[in-house]
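Letters go in sequence order (proteins before strands), and every chain restarts at 1.
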Protein chains: 2
Amino acid sequence: MSSDNPTTRTRILDATWTLLETGGSKVRMSDIAKAAGISRQAVYLHFPSRAELLVATTRHIDAAKDIDARLAGSRSATSGPERLARFIDAWGTYIPEIHGVGRALMAMQDSDEEARKAWAGRMEALRQGCAAAVAAIVADGALRPELTESRATDTLWMLLSARNWEQLTQEAGWSQADYLAAMQDIARRSLIADI
Amino acid sequence: MSSDNPTTRTRILDATWTLLETGGSKVRMSDIAKAAGISRQAVYLHFPSRAELLVATTRHIDAAKDIDARLAGSRSATSGPERLARFIDAWGTYIPEIHGVGRALMAMQDSDEEARKAWAGRMEALRQGCAAAVAAIVADGALRPELTESRATDTLWMLLSARNWEQLTQEAGWSQADYLAAMQDIARRSLIADI
DNA sequence: CGGGTCACTTTACATCATGTCAAGTGATAA
DNA sequence: TTATCACTTGACATGATGTAAAGTGACCCG
């Protein structure tokens with residue numbers, strides 16, 4: 001698969017990306033093939049299954065958007081609370097960019113073990129980011145004393161889940177700015193000790 | 001359908017309920033039929049589609065658990081904040097009871113319009129409960145002044161979503177008591193004005 | 001007692017998406 | 001010239017939902 005002609009592989013990934021972004025999550029392999037301008041079978045020459053194609057698409061998007069660099073930005077914050085704020089900004093901005101693929105991957109969770117693991121990996125990455133942000137708060141002595149570190153991590157992890165973003169922005173009609181502001185507010189009030 | 005023999009219909013609903021509760025969400029019509037002790041086709045004599053069977057199962061559970069009565073309890077609270085607390089308790093206790101069916105219904109959302117509407121109806125009911133709780137807070141003058149009533153309603157609606165319950169109790173391993181306590185805490189801090 | 005209805009069974013089939021298989025094609029490179 | 005590579009074409013297996021039709025046994029009504 002690594003010796004594939006990059007242009008066709010890339011065309012498939014881009015087609016998958018845009019279809020999932022615009023067309024809901026009921027995108028079929030034949031739709032993707034048509035959008036990429038190749039036959040349905042040719043897609044299977046590059047990706048062994050729909051699940052693996054979706055996983056590869058998330059990586060494709062990550063690379064295109066340079067996600068790592070953006071998340072790294074939150075690590076340079078000076079205080080725990082500031083780090084929390086920057087992490088929420090970084091992740092909250094990331095979510096809409098992978099939302100299409102995320103939806104499709106979540107929809108496959110029950111039927112496909114590989115899709116389940118792929119999405120679980122994404123969630124685990126989020127959890128580790130949350131843990132790091134909470135650790136910075138703890139180091140500052142700024143965590144609310146009633147909370148343990150792991151409890152605080154789980155709470156933040158829940159708040160920042162893609163479903164919550166989806167519910168507020170897609171179903172409740174909030175703007176992205178509304179969403180970010182509310183998350184900042186809720187997270188600070190729930191995790192940071194009163195001054 | 002209203003002239004059906006109740007015992008078979010009820011056996012189907014009970015079978016669906018317990019299978020979904022115990023066996024994940026990949027429950028097939030044939031599984032349900034076998035558990036109910038009838039043929040797969042007989043299920044279709046009572047329910048026209050899998051989606052309608054799931055919807056009927058939620059109503060079946062609601063009736064068995066007397067949900068309305070329990071939610072009504074929150075309406076008798078004297079203060080807004082107390083009403084909020086009681087509503088969170090009532091709903092938070094309800095979620096685990098319909099969780100199995102909810103999962104299956106959510107999994108069908110993209111493929112089946114009827115399932116989508118059924119789950120949307122559930123979410124709308126939750127939203128109305130949230131709106132009523134927030135209205136009671138407003139009437140008390142206890143809502144944080146930075147928030148509008150609708151913004152507060154959406155926030156509570158997001159916090160109490162079934163996905164969040166699932167994430168904390170199933171994936172993060174929280175106990176039901178942990179979940180309820182955390183939700184009470186987060187909701188109060190996010191919505192109620194400082195005293 | 002006879003005929004009909006009702007609930008359910010059995011068997012067969014249509015559909016739809018995923019994924020597999022095998023033979024064919026056309027360009028390019030050794 | 002031949003071999004390989006990327007892709008096409010067409011056929012088929014699978015697995016679930018849902019439809020259709022004929023058959024069976026019990027029970028009720030006249």
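Ranking dT18(C), dG10(D), dG18(D) by closeness to the Gln41(A) side chain, first place goes to dG10(D). Closest to the side chain of Arg28(A), out of dA17(C), dT17(D), dC8(C), is dA17(C). Nearest to the side chain of Leu45(B), among dT9(C), dT17(D), dT8(D), sits dT9(C). The listed nucleotides are dC8(C), dC7(D), dT11(C); the one nearest the side chain of Thr8(B) is dC8(C).
Rounded to whole Å, atom C1' of dT20(C) lies 13 Å from atom CE of Met29(A). When rounded to the nearest whole Å, the span between CE of Met108(B) and C1' of dA16(D) equals 11 Å. Counting to the nearest Å, the P atom of dC7(D) and the CD1 atom of Ile38(A) are 7 Å from each other. Rounded to whole Å, the distance from CZ on Arg50(A) to P on dG15(D) is 19 Å. Nucleotide dC16(C) holds its P atom 14 Å from the CG atom of Asp31(A), rounded to whole Å. Nucleotide dA17(C) holds its C1' atom 14 Å from the NZ atom of Lys34(A), rounded to whole Å. The interatomic distance linking Phe47(B) (CZ) with dA7(C) (C1') rounds to 14 Å, in whole Å. In this structure, the NZ atom of Lys26(B) is 13 Å from the P atom of dG15(D), given to the nearest Å.
Each of Arg40(B) and Gly37(B) has a nearest nucleotide on DNA chain C; the 5'-most of these lies closest to Gly37(B).
Using a 4.5 Å cut-off between side-chain heavy atoms of Ile, Leu, Val, Met, Phe, Trp and Tyr, with links allowed through other members, Val55(B) and Tyr44(B) fall into different hydrophobic clusters.
In this structure, the side chain of Thr18(A) engages the main chain of Ala15(A) through a donor-acceptor pair within 3.5 Å.
An OP1 or OP2 oxygen of dA6(D) is reached within less than 4.0 angstrom by no side-chain nitrogen or oxygen of His46(A).
The shortest distance between side-chain heavy atoms of Met158(A) and Arg163(B) does not fall below 4.5 Å.
Ala107(A) approaches Asp110(B) most closely through the heavy-atom pair CB-OD2, 3.5 Å. Between Arg144(A) and Arg189(A), the shortest heavy-atom contact is CD-O, 4.0 Å.
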